[in-house]
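Following: one structure in structure tokens, then a few remarks.
No experiment lies behind these values; they were computed from the predicted model shown. Lettering of chains follows the sequences in order, A, B, ..., and the numbering in each one begins at 1.
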Protein chains: 2
Amino acid sequence: MIEAMISSALPPKELREALETAGWRCTPQRLAVYEHLAEAEHHPTAEEVYQGVKAAIPRISLATVYKALEALVASGVAAKLTTTDGSARYDARRDHHYHLRCLRSGAVEDLPTPYDPDLVAKIDPALLQQLEQKGFRVTGYRLELVGFYEGAGASRS
Amino acid sequence: MIEAMISSALPPKELREALETAGWRCTPQRLAVYEHLAEAEHHPTAEEVYQGVKAAIPRISLATVYKALEALVASGVAAKLTTTDGSARYDARRDHHYHLRCLRSGAVEDLPTPYDPDLVAKIDPALLQQLEQKGFRVTGYRLELVGFYEGAGASRS
DNA sequence: ATCGATGCAAAGCGTTTGCAGGGGT
DNA sequence: ACCCCTGCAAACGCTTTGCATCGAT
């Protein structure tokens with residue numbers, strides 16, 4: 001399980017390349033932030049990344065973590081997830097996945113699923129045309145499956 | 001178009017019932033916030049709702065708008081949308097729709113689309129079985145199409 | 001009379017920015 | 001030598017909270 005996540009992380013050499021192609025330098029801080037992100041089993045906040053990376057780089061500042069996360073997202077090796085609560089969460093997974101949102105607990109889980117460029121067309125062939133007429137070009141999608149685990153008791157507020 | 005949205009809003013009587021069932025009072029401010037939300041063509045931020053509702057209730061405060069939105073969400077008649085940028089957006093539509101997220105402006109738009117109970121099966125027949133084996137019952141989905149309007153200038157940093 | 005709701009102002013919190021010093025290229 | 005990056009602190013914007021007052025039941 002953990003192996004699978006670590007193995008999905010970019011090796012340092014490729015990370016460096018991704019950063020530099022996008023016009024950023026590859027620094028020890030950014031590498032550490034990326035590695036923490038790639039090894040995380042959940043989607044950490046900036047603060048959580050900060051706390052985790054301090055083990056490797058004690059003098060790192062929270063501002064640097066924010067800037068590193070920005071660089072990683074801009075380089076396409078990490079994603080900033082949309083959230084309802086105040087703080088953003090980050091994701092370094094490279095494989096495409098859906099989210100599974102539990103109505104009972106509110107938890108969000110990853111569901112590994114290959115990215116399907118034709119998904120929209122598959123769902124509704126007329127939809128893409130309709131969007132293109134509006135001038136909207138679809139570059140991706142996010143699918144969230146909502147439901148609940150049967151049997152488990154509710155734990156909502 | 002606007003008619004269709006207004007007609008999807010709850011009438012005041014039902015709104016009152018929804019609020020009071022959840023333990024909130026139905027006040028003029030909350031009614032006005034709900035109506036502004038239900039008639040909006042996009043998903044306004046709290047600030048936008050505030051500006052809009054001031055026309056009807058000039059002395060309303062931003063704090064009251066936030067509290068009203070909280071009451072509406074807790075009563076199940078509105079939803080707080082997840083966002084990447086700083087401010088939250090709200091939605092009072094009851095009919096099913098996808099979201100269109102613009103990568104350039106961050107705006108979220110509705111895309112009216114009938115709810116398709118078989119959408120997941122249509123995408124991947126094996127997926128439902130896989131989920132049921134996990135004990136997860138899918139009761140709904142949220143689909144967000146990400147992209148951008150062609151031609152318009154970028155406004156990202 | 002009670003208890004929640006309002007409006008105002010101030011505080012809170014996540015995030016961003018200005019700036020001086022430091023390091024890679 | 002240049003320019004980007006770092007770390008610190010201050011600023012910023014969205015949201016929440018404390019509190020006195022108001023209003024409905």
Side-chain angles (χ1 to χ4, degrees), chain A residues 12-13 15-34 43-54 56-75 78 80-90 157, chain B residues 12 15-34 36-37 43-54 56-75 78 80-90 106-108 155-157:
Chain A
K13 192 173 289 185
L15 175 64
R16 164 178 292 268
E17 201 178 307
L19 280 167
E20 293 181 347
T21 300
W24 306 85
R25 286 189 189 160
C26 184
T27 67
Q29 287 86 346
R30 289 172 183 170
L31 226 164
V33 165
Y34 176 76
H43 301 301
T45 62
E47 177 69 32
E48 286 166 349
V49 173
Y50 173 54
Q51 295 301 333
V53 168
K54 275 208 284 191
I57 307 182
R59 286 185 46 79
I60 199 172
S61 73
L62 183 54
T64 298
V65 170
Y66 273 105
K67 288 167 193 164
L69 289 168
E70 180 196 352
L72 294 172
V73 170
S75 306
K80 189 174 181 179
L81 304 183
T82 65
T83 54
T84 273
D85 49 61
S87 44
R89 294 184 170 273
Y90 295 85
S157 58
Chain B
L15 175 64
R16 165 180 290 269
E17 202 179 307
L19 279 167
E20 292 181 349
T21 300
W24 306 85
R25 287 189 190 160
C26 184
T27 67
Q29 287 87 346
R30 287 172 185 172
L31 226 164
V33 165
Y34 176 76
H36 183 87
L37 216 58
H43 298 301
T45 62
E47 178 69 31
E48 287 166 347
V49 173
Y50 173 55
Q51 295 301 332
V53 169
K54 273 207 287 193
I57 307 182
R59 285 184 48 78
I60 198 172
S61 72
L62 183 55
T64 298
V65 170
Y66 273 105
K67 288 168 193 163
L69 290 168
E70 180 197 353
L72 295 172
V73 170
S75 306
K80 188 175 181 179
L81 303 184
T82 65
T83 54
T84 273
D85 48 62
S87 45
R89 294 183 170 274
Y90 294 85
V108 178
S155 62
R156 293 232 147 217
S157 58

Between [atom2] of [N] and [atom1] of [X], the distance in whole Å:
X	N	atom1	atom2	value
B/Ile57	C/dT6	CD1	P	9 Å
B/Leu31	C/dT6	CG	P	11 Å
B/Asp85	C/dT16	CG	P	11 Å
A/Glu70	C/dG14	CD	C1'	15 Å
A/Glu48	C/dC13	CD	C1'	15 Å
A/Leu81	C/dG14	CG	P	17 Å
B/Arg59	C/dT6	CZ	P	13 Å
A/Lys67	D/dA9	NZ	P	14 Å

Handout entry: A/Glu48 atom CD, over 12 foreign heavy atoms within 6.0 Å
Key = yes
Exercise for the section: Ignoring backbone atoms, establish whether B/Ser61 has a side-chain N or O less than 4.0 Å from OP1 or OP2 of C/dC8. Expected result: no
Exercise for the section: Considering just the side-chain nitrogens and oxygens of B/Thr27, establish if one lies under 4.0 Å of OP1 or OP2 belonging to D/dG23. Expected result: no
[X]: partners by side-chain hydrogen bond (donor to acceptor under 3.5 Å, both in side chains), with sequence neighbours left out:
X	value
A/Thr83	none
A/Thr45	none
B/Arg16	B/Glu20
B/Gln29	none

Show every donor-acceptor pair shorter than 3.5 Å between a side-chain atom in residues 62-70 of chain B and any protein atom, with sequence neighbours excluded, or say none if there are none.
unit_1, atom_1, unit_2, atom_2, d
B/Thr64, OG1, B/Ser61, OG, 3.0

Give me, pair by pair, the N or O atoms of the protein and of nucleotides 23-25 of chain C that are less than 3.5 Å apart, along with how far apart they are.
none

I'd like a table of atom pairs between the protein and nucleotides 11-16 of chain D - only N or O on both sides, under 3.5 Å - with the distance next to each one.
unit_1, atom_1, unit_2, atom_2, d
D/dT15, OP1, B/Ala88, N, 2.7
D/dT15, OP2, B/Tyr66, OH, 2.2
D/dT15, O5', B/Tyr66, OH, 3.1

Practice task
Choose from D/dC5, D/dG7, D/dT17 the nucleotide whose nearest atom is closest to any side-chain atom of A/Gln29.
Solution key: D/dG7
Problem - With A/Ala18 via side-chain contact (heavy atoms from CB on, under 4.5 Å) - residues at least two apart - result: A/Val77
Completion exercise
Sorted by chain and number, sequence neighbours left out, side-chain contact (heavy atoms from CB on, under 4.5 Å) with A/Ala74 holds for A/Trp24
Handout entry: Backbone N/O of A/Arg25 and side chain of A/Arg30: donor-acceptor pair under 3.5 Å
Key = yes
Handout entry: Donor-acceptor pair, side chain of A/Arg89 and main chain of A/His43, under 3.5 angstrom
Key = yes
Handout entry: Straight-line distance of B/Leu19 CG to B/Cys26 SG, nearest 0.5 Å
Key = 5.5 Å
Problem - Global bending angle along the helix from C/dA1-D/dT25 to C/dT25-D/dA1, which compares the axes of five pairs at either end, to 10 degrees - result: 30°
